[in-house]
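Each ligand, and each atom within it, is numbered from 1 in the order the structure gives.
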Amino acid sequence: MRLEIEDLKAEIDGKPILNGITLALNTGEIHALMGPNGSGKSTLANVLMGHPRYTVTGGRARLDGAELLEMEPDERSRRGLFLAFQYPTEIPGVTVGKFLKRARELRVPDGKLNVGAYIKELRESMTFMEMDQGFINRYLNEGFSGGEKKRMEILQMLVLDPRFAILDETDSGLDIDALKIVAKGVNKLRGQNFCALVITHYQRILDHIRPDFVHIMYKGRIATSGGAELVKTLEERGYDWVKAKYGIEEDEHEPAASR
Ligand SMILES: Nc1ncnc2c1ncn2[C@@H]1O[C@H](COP(=O)(O)OP(=O)(O)O)[C@@H](O)[C@H]1O
Ligand SMILES: [Mg+2]
């Protein structure tokens with residue numbers, strides 16, 4: 001499967017955030033999307049999932065040739081797109097068990113889930129993610145620590161078994177052990193039928209999920225792309241290097257002398 005993003009532009013409240021993003025993602029590949037805060041990484045993730053707050057103002061995205069941006073968000077999920085949120089929301093009143101079962105049902109073509117087999121799988125996935133089985137009866141994310149919320153996002157991903165997973169800073173705020181568990185979840189799905197776009201500000205998680213491709217985003221554009229070696233360059237030189245080398249027009253303040 002292939003996800004093609006072509007010159008994608010989007011804004012929020014009339015403010016342009018994405019200024020022409022072009023990226024092609026194929027199943028079998030792991031891509032990392034890095035960039036300073038505010039460069040538009042989360043916006044790209046949200047636009048691809050169909051978040052209503054953002055307005056697409058140009059370009060397109062195609063999933064195996066079908067126009068992704070014209071699909072309702074739930075259709076995008078049914079076709080195998082998944083987003084692990086940077087800030088997972090709490091849903092009081094809905095238990096983890098109920099939520100995951102409903103989400104999983106949507107991925108079964110006729111909606112008829114083999115409940116016994118599903119529960120067995122869910123328990124195995126929870127063990128794999130080193131999560132206490134007691135989470136099944138808790139309300140989704142309510143009172144979860146930051147690390148528990150992130151693990152919950154990855155558990156969701158394992159249950160849904162998506163073709164394209166976007167992980168939005170799933171690593172931020174995690175200690176090294178939690179980070180390794182999150183990476184383990186991604187590496188479990190890694191394979192010919194899976195693609196991940198791992199969004200991160202730091203290189204740390206990429207020591208555990210080795211990306212095939214790395215893209216650096218800056219001011220709503222992909223400033224540069226490369227292989228895993230780009231992570232190292234970035235680590236050594238910092239984002240100032242990106243800004244200096246690829247700094248697409250700095251803020252358009254007229255120099256005082258020309259006023
Ligand atoms: N809901 C929102 N309302 C207003 N501005 C927003 C909203 N979401 C994002 N932005 C703005 O869009 C820009 C890009 O944000 P974001 O996509 O979150 O960047 P990143 O994930 O790379 O840190 C920032 O300037 C941010 O303030
Ligand atoms: Mg973000």
Open item on the list: For the CD atom on Glu67, are there more than 12 heavy atoms of other groups (residues, nucleotides or ligands in this structure) within a distance under 6.0 Å?
Closed with: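 Buried by this count: over 12 neighbours within 6.0 Å.
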Which residue and atom name correspond to the protein heavy atom nearest [atom], and how close is it?
atom	value
atom 19 (O) of ligand 1	Gly40 N, 3.2 Å
atom 16 (P) of ligand 1	Thr43 OG1, 3.7 Å
atom 8 (N) of ligand 1	Tyr54 OH, 3.6 Å
atom 23 (O) of ligand 1	Gly38 N, 2.7 Å
atom 2 (C) of ligand 1	Ile12 CD1, 3.1 Å
atom 18 (O) of ligand 1	Ser42 CB, 3.6 Å
atom 12 (O) of ligand 1	Ile17 CD1, 3.0 Å

Open item on the list: Is it the case that ligand 1 has an N or O less than 3.5 angstrom from some N or O of Ser39?
Closed with: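 It does: an N or O of Ser39 is found under 3.5 Å from an N or O of ligand 1.
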Open item on the list: Evaluate Lys41 for polar contact with ligand 1, using N/O atom pairs at a separation under 3.5 Å.
Closed with: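 Yes, since at least one N or O of Lys41 sits under 3.5 Å from an N or O of ligand 1.
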Open item on the list: With a cut-off of 2.8 Å, does Thr43 put an N/O/S atom close enough to the Mg ion (ligand 2)?
Closed with: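 Given the 2.8 Å cut-off, Thr43 does not count as a ligand of the Mg ion (ligand 2).
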TODO: Confirm or rule out an N/O/S atom of Ser42, from backbone or side chain, lying less than 2.8 Å from the Mg ion (ligand 2).
DONE: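 Within the cut-off used here (under 2.8 Å), Ser42 does place an N, O or S atom near the Mg ion (ligand 2).
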TODO: Please work out whether any backbone atom (N, CA, C, O) or any side-chain heavy atom from C-beta onward of Arg53 is under 4.0 Å from ligand 1, and answer side chain, backbone, both or neither.
DONE: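 The answer is the side chain of Arg53.
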Open item on the list: Tell me whether Lys101 forms a cation-pi arrangement with Tyr118, defined as NZ or CZ under 6.0 Å from the six-membered ring centre and within 45 degrees of its axis.
Closed with: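 Verdict for Tyr118: no cation-pi partner in Lys101.
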Non-hydrogen side-chain atoms of [X] and [Y] separated by less than 4.5 Å:
X	Y	value
Asn46	Arg53	no
Phe164	Leu197	no
Leu44	Lys41	no

TODO: Mark the output for Gly35 as yes if a heavy-atom distance to ligand 1 is under 4.0 Å, and as no if none is.
DONE: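 Heavy atoms of Gly35 never come under 4.0 Å of ligand 1.
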Open item on the list: With a 4.0 Å cut-off on heavy atoms, is Lys15 in contact with ligand 1?
Closed with: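 Flag set, Lys15 near ligand 1.
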Open item on the list: Under 3.5 Å, is there a donor on one side chain and an acceptor on the other for Gln86 and Ser42?
Closed with: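 Present: a donor and an acceptor within the cut-off.
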Looking at [Y] and [X], is any side-chain nitrogen of the basic one under 4.0 Å from a carboxylate oxygen of the acidic one?
X	Y	value
Glu4	Arg60	no
Arg102	Glu105	yes
Asp212	Arg210	no

Open item on the list: If the cut-off is 4.0 Å to any non-hydrogen atom of Asn37, which atoms of ligand 1 fall inside it?
Closed with: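 Those atoms are 23 (O).
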Open item on the list: Looking at Asn193, is its backbone amide N or carbonyl O close enough to the side chain of Arg163 to form a donor-acceptor pair, meaning the two atoms are under 3.5 Å apart?
Closed with: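 Yes: the side chain of Arg163 pairs with the backbone of Asn193.
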